[in-house]
Number of protein chains: 2
Amino acid sequence: MDIQRKDVHNSETPVLCQACESRHRGVCGALTPDQLLQLSKHSTRRTVEPGTELVGESLKTKSYSNIISGVVKLSKMMADGRQQIVGLQFAPDFLGRPFRSENGVSAEAATDVKVCSFPKAAIERMISEMPELEHKLLEQTLTELDEARDWMLTLGRKTAGEKVASFLLLIATHAFPDNESDSVTFDLPMSRTDIADFLGLTMETVSRQLTKLRKDDVIRILNNRHVTVPDLTRLSERAGF
Amino acid sequence: MDIQRKDVHNSETPVLCQACESRHRGVCGALTPDQLLQLSKHSTRRTVEPGTELVGESLKTKSYSNIISGVVKLSKMMADGRQQIVGLQFAPDFLGRPFRSENGVSAEAATDVKVCSFPKAAIERMISEMPELEHKLLEQTLTELDEARDWMLTLGRKTAGEKVASFLLLIATHAFPDNESDSVTFDLPMSRTDIADFLGLTMETVSRQLTKLRKDDVIRILNNRHVTVPDLTRLSERAGF
DNA sequence: GGCGCCAATTGACGCGCATCAAAGTGGCGG
DNA sequence: CCGCCACTTTGATGCGCGTCAATTGGCGCC
């Protein structure tokens with residue numbers, strides 16, 4: 001399998017989400033058993049393939065989802081086709097833009113993705129009734145904002161080499177948030193073209209920088225996907241830290 | 001409950017914030033007169049000059065503020081001095097990162113800025129007691145996230161010319177959010193260097209693109225600061241739309 | 001007015017990344 | 001095992017923007 005956030009991420013006692021049929025810290029973590037039961041009547045659970053569009057850029061959102069496993073890319077496109085990936089979301093993130101039907105961002109599965117979806121109306125009603133839920137949403141949104149701003153520094157001020165190293169570091173830390181050792185191995189959740197769209201580069205430049213990192217023994221790559229980083233410190237130096 | 005929320009939100013007549021001694025739509029808009037009175041005992045109001053640091057990058061935040069007037073720039077810096085402005089905040093935005101002492105972003109006044117500050121503890125207590133306030137925060141945070149993602153597209157995929165045009169468009173729309181006509185005039189809230197740091201460019205490139213826009217009659221500039229845009233449509237074409 | 005100071009402009013040049021093109025690699029069905 | 005296809009790598013060339021340096025322009029001060 002590919003990227004998978006290590007079980008439940010800091011969990012002390014994650015609530016069992018009956019709707020999602022899985023333990024995680026998504027939105028359901030804020031609900032009581034009764035509320036979960038009620039919500040689960042309206043929820044649907046499904047697994048989609050890479051490339052599936054989960055939320056259209058200008059389409060009205062009809063539902064919100066918890067990501068149970070996998071990676072989702074959020075992207076924006078210009079009229080002439082230029083594209084920028086503006087964020088990646090991992091389990092157990094919440095997917096969807098509350099309080100607005102359009103958000104100008106399209107969400108697409110990068111890997112196989114398991115999601116648990118709720119109708120828009122149900123979620124918004126629960127939000128207005130449950131401060132806990134709103135608080136949880138605020139926390140996630142603030143975290144996403146922090147991450148977006150970090151990435152703006154990467155996009156605006158880093159060189160191609162630093163960008164690619166930053167990307168590898170991002171995936172490494174999200175795949176194993178609690179990793180203590182200095183070496184990691186993981187699978188890249190997306191193609192060179194996608195990586196380029198995330199970094200504001202071209203596919204060719206990404207490829208060249210990856211081979212440079214390989215030649216300098218900062219990383220090793222098997223089958224174009226499977227990456228091992230023997231020393232995270234050296235990688236983060238390459239990323240500009 | 002629902003009605004009340006809606007009311008506070010879309011109110012045409014913003015609530016008088018006794019703490020800030022000014023009518024605006026900031027956080028105070030969610031409070032009742034009693035709560036405002038209580039809060040105002042702990043608030044301080046001040047005006048600062050351009051360049052004043054309002055929140056340090058790694059300093060612990062001790063207070064939160066409403067921006068009453070002026071423009072604040074949020075920026076990040078790398079160890080070697082490279083800098084990126086990751087956001088601009090206008091009145092009546094809320095300034096500060098709840099639920100975390102560090103946020104990795106420093107806030108600096110771009111223009112003369114009037115702020116109304118509250119101690120961290122007071123705000124966080126009120127948040128936990130007032131769902132209304134938390135909702136307002138969530139709304140602003142979501143808006144900031146949308147704006148951050150828009151800017152990521154600009155940073156990652158637009159040319160220098162498109163970037164500068166996008167910046168002018170951003171200022172024009174924020175200076176006069178309700179502008180209906182196709183021509184606007186406004187003052188740039190910051191220097192060429194700051195603009196460059198916001199766009200991921202150099203000062204020289206910003207300057208060259210501005211003179212190009214001037215020569216093409218898309219904009220006019222007086223005294224290096226005062227800008228008039230005769231036709232917003234032509235400007236937004238230059239921005240990549 | 002003359003002077004100094006700082007921000008902005010303009011010019012000359014080089015480098016980093018994009019662009020275009022071709023060859024290599026892995027995956028999969030026949 | 002072979003051939004096909006999508007993806008990736010590698011190479012050659014060009015351009016956009018960065019870099020460095022000189023000039024201009026605004027503004028307060030003596």
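Naming convention: chains lettered A, B, ... in sequence-line order (proteins, then strands); numbering from 1 in each chain.
Ion pairing of A:D197 with B:R157 is present here, as a side-chain N (NZ or NE/NH1/NH2) and a carboxylate O approach within less than 4.0 Å. For A:R149 and A:E144, the salt-bridge test fails: no basic side-chain N is under 4.0 Å from an acidic carboxylate O. In this structure, B:R234 does not pair ionically with B:D182, as no charged nitrogen and carboxylate oxygen lie closer than 4.0 Å.
Contact of the B:L142 side chain with the A:P98 side chain is registered, since non-hydrogen atoms from C-beta on lie closer than 4.5 Å. The shortest side-chain heavy-atom distance between A:F167 and A:I171 falls under the 4.5 Å cut-off. Between B:Q89 and B:L95, the closest side-chain pair of non-hydrogen atoms falls below 4.5 Å.
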Taking only nitrogen or oxygen atoms into account, show me every contact under 3.5 Å that the protein makes with nucleotides 3-5 of chain D, one pair per line with its distance.
none

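To the nearest angstrom, C1' of D:dG26 lies 13 Å from CG of B:L222. Rounded to a whole Å, the NZ atom of B:K163 is 8 Å from the P atom of D:dC17. Rounded to an integer number of Å, the gap from A:N223 CG to D:dA6 C1' is 15 Å.
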Protein heavy-atom contacts under 4.0 Å, written 5' to 3' over nucleotides 8-20 of chain C as B (base), S (sugar-phosphate only) or - (none), form the string SBBBB----SSBB
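Judged purely by distance below 3.5 Å, without hydrogens or angles, the side chains of B:T228 and B:T185 never pair a donor atom with an acceptor atom. A donor atom on one side chain and an acceptor atom on the other are found under 3.5 Å apart for B:T202 and B:T205.
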